[in-house]
Amino acid sequence: MSDTVTISARNVVKAFGQGAGQVRALDDVSVNIRQGEFFTLLGPSGCGKTTLLRLIAGFEMPTGGTILLDGADITTQPPNKRPVNTVFQSYALFPHLTVAQNIAFGLEMLGKPASEVKARTAAMLALVKLEAMAGRKTSQLSGGQQQRVALARALAPQPKVLLLDEPLSALDLKLRKEMQIELKRLQLETGITFIFVTHDQEEALTMSDRIAVMSAGKIQQVGSAKEIYIHPKNRFVASFIGETNFLHGKAEAGALRLGTGERVEVPGLAAGGEATVSVRPEQVRLVLPSDGLKATVGALVYFGTDTHCHLHLADGTEVVARLQSPATGEAGLAQGQAVGLRFAEGAVQRVED
Amino acid sequence: MAERGFQISRLPGFATVAIGAFVLLYLPILTLVVYSFNASNSVAVWGGFSLHWYADAWANEDVKAATVRSLVIGVSAAFLSTILATLAALGTTRRRAFKGQTLIYVVINQPLMVPEIVTAVALMIFFGIIKVATGYQGLGYLIAAHTAFCLPFAYLPIRARLESMDLALETAAADLYASPWQTFRRVTLPLLAPGIMAGAMLAFVISLDDVVITEFVKSGGQDTLPTYMLGQLRRSFTPEVNAISTMLLAVTVVLLTAFFLLTRKKD
């Protein structure tokens, strides 16, 4: 990975419909995607992530803004002129062609000599471990094998950017985990920039170099998995990535005054107005009632390796603490018990609303 | 599945009615086929097994000429109407919905709705004017007329095929550097081929057995097989007609079987 920008979207707007019924699928989106990185567009359905992918592929034209590839404006270029290939959610394998013919399709359309087409097709079949299936029709393959053919077909012409539109959503959990590792391996081996669209936050966290969290046609935050998890910029990002607790109160110098009158230290917080902070469940510590925020134990939900302890502050605010399972037994927690809450150092993050 | 919904097959007498309907549908045809092997020259009295009506029909120059004419008209009309229908189907499915799209469907399918006798009279008068103006008397009129009324029969299976095709396939071809023409040539057309074949066969069968429009449009000496048989009705009616009908039936059954094989759903 380098700092060279491969894809750059600048103030991209995509509107569907006319007049009052117009919907902005993308609302002034700007983002730089670097060469060789695994970049994920993450968000709930309807957030505009697939629209952005389709604009980069050239399947649709933006209403406004520009898209650059290696510095050159490709905004209005048709898809067959862009050195960008796509792995479709439905795979879109050609049913009348064999596995090998599917993989060779892009190379043939580029007018590569027959010997090169043959060699590269063979190399791609080896890369996705489907040599034995070369002569089969795609309908004779399993879901996971079809997925690998779709990948090989899109990678064969050696695109500058590979676009992946929720490619794992049709696979069962076990196969999806395998394909996540497979995708990461292919990306490292080929060195091609991957732009991956998903609504699955776990998938995004495990595979991506950087993630753009999207909502309502806008990019909410861009950063590495760690940055986004530890320093979520706003409420949406904090709640969409992982689970979290929100505490709301009056902002004082370096602390938040809760509705219960208690103070929570928030380093760097300036006095004035209201503020919201986010605390991850695994950062909540249970202590003696006199040593922290006063709370009452509510429901205890057992998850195997850990237990979720639902706690209620004096003003009714719910806080979830994720405790390693043996600890609950030793602490002998019981419903209705009074406890104190403390938060790990650096765990309290101010978030915008 | 323990579905308790209405099922017509559970009604009393279902099997009886079904068998009765099949007998009514196929018994006359079976009779026709059987009597085509009749040795006597009556269409109603059995006089032993013989193939001589087939031999007679084969030797009959009028039957030969009518058969050739039917094939020329049928093949030409099927070919032309299938090309037009393919273009029409692409134009009505591979673009955004436009104003007047419903009107286009109605216009294309008009031959299915307008009474055939009306079309026949209209064509006779219209072609009459052209015949007077140009002096041309050839088979072109029949081919044009057959092309027109075969169009919806070719159009419907092609359109159905296009509508069931995953649009992502064409998007994928464009994504893999295929130009719009290459996408059509390498992806759309091969996937559409069964629909086109089905449309062409249906159009051919429809052309082959047309009587009403042909009877009105044809010039003297332009009998097709069905109008020749109609003419025979007015003269001596022998099992030769049964033999010709049986051969027509055989051709139609073969083509329609191929049609169903081509249009049946995979998986």
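Proteins come first, then strands; the chains are lettered A, B, ... in the order of their sequence lines, and each starts at number 1. All of these numbers come straight from a predicted model, not from anything done at the bench.
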CE of B/Met197: more than 12 outside heavy atoms within 6.0 angstrom?
no
Measure the spacing between CG of B/Leu176 and CG of A/Asn102 and express it to the nearest 0.5 Å.
9.0 Å
Heavy-atom count check: over 12 atoms from other residues, nucleotides or ligands less than 6.0 Å from B/Tyr26 OH?
no
Name the region of A/Glu108, side chain, backbone, both or neither, that has any atom closer than 4.5 Å to a heavy atom of chain B.
side chain
Evaluate whether atom NZ of A/Lys112 has more than 12 neighbouring non-hydrogen atoms of other residues, nucleotides or ligands under 6.0 angstrom away.
no
Are the side chains of B/Leu169 and A/Phe88 in touch, meaning some heavy atoms are under 4.5 Å apart?
no
Heavy atoms from other residues, nucleotides or ligands near OH of B/Tyr54 exceed 12 (cutoff 6.0 Å)
yes
Chain B shares the most heavy-atom pairs under 4.5 Å, among A/Gln89, A/Lys81, A/Arg153, with A/Arg153
For A/Arg185, look at atom CZ and say whether over 12 heavy atoms of other residues, nucleotides or ligands are found less than 6.0 Å away.
yes
Near A/Gln22 CD, under 6.0 Å, is it more than 12 heavy atoms from other residues, nucleotides or ligands?
yes
Residue from B/Asp166, B/Val187, B/Thr183, B/Leu167 scoring the most non-hydrogen pairs under 4.5 Å with chain A is B/Val187
Under 3.5 Å side-chain donor-acceptor pair for A/Thr86 and B/Asp175
yes
Given that the side chain runs from C-beta out, which part of A/Arg82 has a heavy atom under 4.5 Å from chain B: side chain, backbone, both or neither?
backbone
What heavy-atom pair brings B/Ser179 and A/Asn80 nearest, and what distance separates the two atoms?
CA-ND2, 3.4 Å
Looking at B/Ala168, B/Pro180, B/Pro190, B/Ala174, which makes the most heavy-atom pairs under 4.5 Å with chain A?
B/Ala174
Go through A/Pro83, A/Ala154, A/Gly111 and name the one with the most non-hydrogen pairs under 4.5 angstrom from chain B.
A/Pro83
Spacing of CZ belonging to A/Phe94 relative to CD belonging to B/Glu170, to within rounding of 0.5 Å
9.5 Å
Of A/Met109, A/Gln101, A/His96, which meets side chain to side chain contact (heavy atoms under 4.5 Å, CB included) against B/Arg186?
A/Met109
Can you confirm whether more than 12 heavy atoms, excluding those of A/Arg10, are under 6.0 Å from its CZ atom?
no
Under 4.5 Å from any heavy atom of chain A, what part of B/Ala173 do you find: side chain, backbone, both or neither?
both
The reported gap from CG in A/Leu107 to OH in B/Tyr177 (rounded to nearest 0.5 angstrom) is 9.0 Å
